[in-house]
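Let me begin by presenting the structure, written as structure tokens, before commenting on it.
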Amino acid sequence: MIREALEKKLVTAIAELISAGSLPETARTVRIEVDAPKNPDHGDLMTNFAMVGSKTLGMNPRAVAEILAGELGSDTEVFASVEIAGPGFLNFRLNPAWVAGFVASVLERGVSYSHLTPDQVEKINVEFVSVNPNGPITIGSGRGAAYGSALCNVLEAAGHEVHREYYINDGVNSEQMRLFAESVKALLNGQAVPDNGYKGDYVQEVANGLEHLKGAELATIQKASQDAMIEAQRTALEHFRVNFATWFSEQSLHDAGEVARVIGELESKHVADESPFRTKIETAKGGVIKSVTKEDQAVTNTDDEDASGEGEQATLWLRSTKFGDDQDRVLRRRDGRLTYIASDVAYHKDKFNRPAGGTKLITVLGPDHHGYIGRLTAVVAAMFIDQATPVDDPTPLTEHEEILFGNVEERNRCRGAQAWAKDHLTVQIFQIVRFMKDGKPAPMRKRDGNIYALIDLIKEIGEEMRPNGTEEEKLQAGSDVARFFYLMRNHDTAMDFDLELATKQSDENPVFYVQYAHARICSVIRKGAESGLAASTAHLGLLDHAKETTLILKIAELRDEIAQTASDYAVNRLANYALELARSYHSFYDTCRVNQPENPELSSARLALCEATRTALHSVLGLLGVSAPQEM
RNA sequence: GCGCUCGUAGCUCAGCGGAUAGAGCACCAGCUUGCGGAGCUGGGGGUCGGAGGUUCGAAUCCUCUCGAGCGCGCCA
């Protein structure tokens, strides 16, 4: 916010200097960046404009810096000093009174302080969690749940329209779901579950709830047991503060005939066919194509279970290699059943309807799915090939391309479609979480088939944190800690989740450090009210202590952090920001006494600063899905 | 073999083109006749895995290399 203001000042100053003839016209094109210096001795904020621009301006950086410093330095309302340092840095020391003025605008905006207005509003569908309905939400999926939900909050705060979606993998043809149903059925009939079946206690629980279906058809049991599982997942996720606007059933696409219809569409677009070969692309290091081969279709695979008993027919191939995938994918099996990827085509088309007129899809996937990015991109490219603008490349087909494409025109259309897909679909992969106990990794899947469920993690932590709390308080405490821990680390790197630290005494716990700051602010404000003191913006100019200025600058950063996070999806930045903001407050609190009845003007200004901090803290915690307690 | 991700303080991790690389934990030394000490202040501790390159400037970008994790089904 303060940064935005300074960037505007720079733009104005540069325009003045151009019309005065001190800077060439090209100065307008130089990118302007204002940042906080790492070293506080270098001032409150700084810009590298002179160094970045020196080349295009044809001037040496220090000369540019001097001209700019002269122009800006005259604005004594804003700047206490403008210094040139090093190779051409421009270091700004801001006038504390000017900085303090921003407290008023935070208070004016209140909760909307964290709401941004983007240059362009995107309509984004975010799909996350989406695990099979054959078990509880695990602690592994917990990371995706925390990440996806926080990402949605941030995108919304950044001003975009967001649709939260869960894709239920409930295709009746799914091997895994059938196996799950068979396991439940076996338990219902008092038989042993199949060798490769599901053996956890939760399977027995599902069976217990379905006593009335004893002796029923497998299909009936399959439907009922997956519904039970979905309900359990939904409840667990709600406790974890994860909610979806849509729970989308894969099977519903089959039932509506959408999958079949879309497959027909692909065939008529000549991106899917029944020719009996699979194309494979082998790449050498650096992604250069080493070879493209058409493999004759192998018919020797005997592992297939021919569940439908419909006998053999031609395999239907999606020619995904035309869109950068490393091999063609099967849409319809030899036995006539459609594959998972076939529903994916229909599904990705459908997703653009939520929100209406969707402009972007984000899919959050687990660490075992990064091989899936190329496939998904190809799916979207194939589906929307008519929407995309072909690339303009007149060069003839290479030797490799001749195997993939019929002619130059087709290649250019496919390349265009691939670019379109990359533009409209973003896949975010989160990496694995290792849960550490006694310094050793704790198994997520136990030998007896039991799974470490997210809800158990939440309850364990809650029990430890609030042994005397209500059920509701325990769930909240557990969820707060778990969410913050998941979100502290960059989702794209493997992390260790220290179960002892999370469940142990609270004083080592970063979550509580932040929540404590919020509770402390609330307490200070309460205390002030008891002495007849209240926040006011009438004397903000009194906030000139270094700790006060630092805190205000930190509060002002929130909007920048949100904007940045909405564009690079690195939600962990906000968890770190929350810690920094809390630290700035604690440090301020320690030095600057807020409530001083003998000095009501300073008190009112500091209370205003407390209010502004509370607003910012409350906002970040809200984005992270962590509660901001008034007392603890 | 190919692809993705990661190697930063004793440990867990930030930083991802800027000036002397940061925080928490652990360790050491301090702060309270006052608003919540679940707090604050200070200190020690690093050839940012290694080697080249790009440029005014690299932990950050590129190439190679070593090491770790994961992924490459007519499973989902």
Side-chain angles (χ1 to χ4, degrees), chain A residues 33 35 37-39 41-42 46 48 51-52 54-55 60-61 85-89 91 130-132 134 169 171 174-177 179 250 278 281-287 290 297-298 301 303-304 315-317 326-327 329-335 337-341 343-344 366-374 429 431-432 434 436 439 488-490 492-496 498 501 505-510 512-513 515-517 519-528 530-531 533 568 570 572-573 575-576 579-580 583 585-591 593-596 603 606 610 631-632:
Chain A
E33 257 180 78
D35 274 307
K38 268 195 256 184
N39 187 335
D41 293 345
H42 296 144
M46 63 94 185
N48 55 7
M51 279 130 65
V52 174
S54 85
K55 200 167 261 177
N60 99 44
F89 292 107
N91 290 336
S130 299
V131 297
N132 288 338
N134 57 7
N169 294 260
S174 154
E175 303 282 349
Q176 294 172 22
M177 289 315 299
L179 201 50
E250 177 191 354
R278 154 180 271 180
I281 301 178
E282 269 193 75
T283 49
K285 200 147 271 168
K290 204 163 68 183
Q297 192 167 358
N301 189 344
D303 289 347
D304 287 350
T315 304
L316 180 66
W317 296 95
D326 58 349
Q327 56 180 298
R329 308 288 166 179
V330 175
L331 288 170
R332 196 183 55 228
R333 301 174 174 103
R334 282 203 307 275
D335 61 15
R337 288 146 68 213
L338 296 166
T339 61
Y340 181 74
I341 202 163
S343 10
D344 251 353
D368 47 342
H369 281 71
H370 50 71
Y372 204 60
I373 300 177
I429 305 285
Q431 299 296 329
I432 52 165
R434 281 196 315 173
M436 307 298 285
M488 261 193 313
R489 312 268 109 107
N490 187 325
D492 203 18
T493 91
M495 67 171 272
D496 286 343
D498 187 334
L501 180 56
Q505 72 264 43
S506 44
D507 62 334
E508 292 175 27
N509 217 313
F512 284 80
Y513 182 83
Q515 291 186 320
Y516 179 64
R520 184 180 243 186
I521 293 171
C522 294
S523 162
V524 169
I525 291 172
R526 270 196 307 268
K527 212 63 166 200
E530 284 168 21
S531 321
L533 298 168
D568 69 7
N572 67 301
R573 176 183 295 108
N576 282 301
L579 283 164
E580 286 167 15
R583 188 169 302 125
Y585 183 79
H586 287 311
S587 182
F588 151 80
Y589 169 90
D590 200 61
T591 317
R593 186 175 171 80
V594 177
N595 294 312
Q596 305 179 46
S603 301
R606 286 186 171 166
C610 289
E631 50 192 28
M632 49 198 287

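Each chain gets a letter, A, B and so on, in the order the sequences are listed, and its residues count up from 1. Note that the coordinates shown come from a computational prediction; the quantities given were computed from them, not determined experimentally.
Panel note: side chain A/Ser531, backbone A/Leu533; no donor-acceptor pair is recorded below 3.5 Å.
Rounded to a whole Å, the CD atom of A/Gln431 is 14 Å from the P atom of B/rG69. Following rounding to the nearest Å, A/Asp326 (CG) and B/rC72 (P) show an atom-to-atom distance of 11 Å. Here the P atom of nucleotide B/rG3 and the CD1 atom of A/Ile281 are 14 Å apart, to the nearest Å. With rounding to whole Å, A/Gln327 atom CD is found 8 Å from B/rG73 atom C1'. Taking atom CG on A/Asp568 and atom C1' on B/rG17, their separation rounds to 15 Å, with Å as the unit. Distance CZ (A/Phe512) to P (B/rG39): 12 Å, rounded to an integer number of Å. Atom-to-atom, OH of A/Tyr585 to C1' of B/rC35 comes out at 8 Å; the value is rounded to the nearest Å. Put simply, CG on A/Asn91 is 11 Å from P on B/rA19, counting in whole angstrom units.
With A/Asp335 as reference, A/Arg337 is the one residue of A/Arg337, A/Arg333, A/Arg332 to meet the side-chain hydrogen bond (donor to acceptor under 3.5 Å, both in side chains) rule.
Summarising the base pairing, B/rA29 is matched to B/rU41 through a Watson-Crick or G-U wobble pair whose two defining distances lie under 3.5 Å. B/rG7 is paired with B/rC66 under the criterion used here, namely a Watson-Crick or G-U wobble arrangement in which both key atom distances are under 3.5 Å. Base pairing of B/rA23: its partner is B/rU12, meeting the Watson-Crick or G-U wobble criterion (both donor-acceptor distances under 3.5 Å). Across the strands present, B/rC72 finds its partner in B/rG1; the criterion is a Watson-Crick or G-U wobble pair with both atom distances under 3.5 angstrom. In this structure, B/rU55 forms no base pair with any nucleotide, since neither Watson-Crick nor G-U wobble geometry is met with both distances under 3.5 Å. The partner of B/rG17 cannot be assigned: no Watson-Crick or G-U wobble pair with both contacts below 3.5 Å exists in any strand. Judged by Watson-Crick or G-U wobble contacts below 3.5 Å, the nucleotide B/rC35 has no partner.
Counting non-hydrogen atoms under 4.0 angstrom, A/Arg606 reaches nothing in the nucleic acid. Using a 4.0 Å heavy-atom cutoff across all strands shown, A/Met495 reaches sugar-phosphate atoms only and no base atom. Contact annotation for A/Val131: no contact, since no heavy-atom pair falls under 4.0 Å across all strands. Here A/Ala284 lies in heavy-atom contact (under 4.0 Å) with sugar-phosphate atoms only. Across all strands, A/Arg583 comes closer than 4.0 Å only to sugar-phosphate atoms, never to a base (heavy-atom distances). Contact annotation for A/Met177: no contact, since no heavy-atom pair falls under 4.0 Å across all strands. The residue A/Asn39 sits close to a base: some heavy atom pair falls under 4.0 Å. Residue contacts shown for A/Asn595 include a base, since a base heavy atom lies under 4.0 Å away. When heavy atoms are screened at a 4.0 angstrom cut-off, A/Ser523 is found touching base atoms of the nucleic acid. Note on A/Glu631: a base of the nucleic acid sits closer than 4.0 angstrom, heavy atoms only. Within the nucleic acid shown, A/Ser174 comes within 4.0 Å of sugar-phosphate atoms alone, with no base atom in reach, counting heavy atoms only.
Contact detail for A/Asn91 and A/Ala85: the closest heavy-atom pair is ND2-CB, 3.6 Å.
Once the 5.5 Å centre distance and the 30° plane angle are applied, the aromatic ring of A/His42 is found stacked with the base of B/rA19. Remark: ring of A/Tyr513 not stacked against base of B/rA38; the cut-offs of centroid gap under 5.5 Å and plane tilt under 30° are not jointly satisfied.
In terms of phosphate contacts, A/Asn572 brings a side-chain nitrogen or oxygen within less than 4.0 Å of OP1 or OP2 of B/rG15. One finds no side-chain N or O of A/Tyr372 lying less than 4.0 angstrom from the OP1 or OP2 phosphate oxygen of B/rG3. The shortest distance between the side-chain N/O atoms of A/Ser587 and the OP1/OP2 oxygens of B/rU41 is below 4.0 Å. At B/rC56, one or more side-chain N or O atoms of A/Lys55 fall inside 4.0 Å of OP1 or OP2 (strictly under the cut-off). A close approach under 4.0 Å does occur between a side-chain nitrogen or oxygen of A/Lys38 and OP1 or OP2 of B/rA19. Residue A/Arg333 places at least one side-chain N or O under 4.0 Å from the OP1 or OP2 atom of B/rC75.
Between B/rG22 and B/rG53, the distance separating the two C1' atoms is 28 Å to the nearest Å. Straight-line distance between the P atoms of B/rG18 and B/rA76: roughly 46 Å, to the nearest whole Å. Nucleotides B/rU12 and B/rG71 place their C1' atoms 26 Å apart, quoted to the nearest Å. Using C1' as the reference atom, B/rC25 and B/rA9 are 12 Å apart when rounded to the nearest Å. The C1' atoms of B/rC56 and B/rG50 are separated by 26 Å, rounded to the nearest whole Å. Only the C1' atoms considered, B/rA26 is 35 Å distant from B/rU65, to the nearest whole Å. Between the C1' atoms of B/rG17 and B/rG57, the separation comes to 8 Å (whole Å). For the P atoms, the distance linking B/rC40 with B/rG46 amounts to 25 Å, nearest Å.
Taking the side chain of A/Asn48 as heavy atoms from C-beta on, and the options B/rC74, B/rG18, B/rG71, the nearest nucleotide is B/rG18. Distance from the side chain of A/Arg593 is smallest for B/rC35 among the nucleotides B/rC35, B/rA19, B/rG24. For A/Arg334, taking side-chain heavy atoms from C-beta onward, the closest of the listed nucleotides B/rA19, B/rA76, B/rC74 is B/rC74. Comparing B/rC2, B/rU12, B/rC35 by their nearest atom to the side chain of A/Thr283 picks out B/rC2. Distances were taken from every side-chain heavy atom of A/Tyr340 (C-beta onward) to each of B/rC74, B/rA76, B/rU12; the shortest belongs to B/rA76.
For A/His370 and B/rG3, a side-chain-to-base donor-acceptor distance below 3.5 Å is present, hydrogens and geometry of angles not being considered. If you check distances only, the side chain of A/His586 never reaches the base of B/rC40 with a donor-acceptor pair under 3.5 Å. One N or O donor and one acceptor, one from the side chain of A/Thr315 and one from the base of B/rC74, sit under 3.5 Å apart.
Looking at A/Leu331 and A/Trp317, their side chains never come closer than 4.5 Å, going by heavy atoms from C-beta outward. Counting heavy atoms from C-beta outward, A/Gln431 and A/Asp492 have side chains that approach closer than 4.5 Å. Residues A/Arg606 and A/Cys610 form no side-chain contact, since every pair of their non-hydrogen atoms from C-beta on lies 4.5 Å or further apart. In this structure the side chain of A/Val524 reaches within 4.5 angstrom of the side chain of A/Asn595, judged on heavy atoms.
Nearest-nucleotide positions on RNA chain B place A/Arg434 closer to the 5' end than the other of A/Gln176 and A/Arg434. Ranked by how close their nearest RNA chain B nucleotide is to the 5' end, A/Arg278 and A/Asn490 are led by A/Asn490.
Taking CZ from A/Arg573 and CG from A/Asp568, the interatomic distance works out to 4.0 Å, rounded to the nearest 0.5 Å. Between atom NE2 of residue A/His42 and atom CG of residue A/Asn39 there is a gap of 4.5 Å, rounded to the nearest 0.5 Å.
A tilted orientation is assigned to the rings of A/Phe588 and A/Tyr585, their planes being inclined by 30° to 60°.
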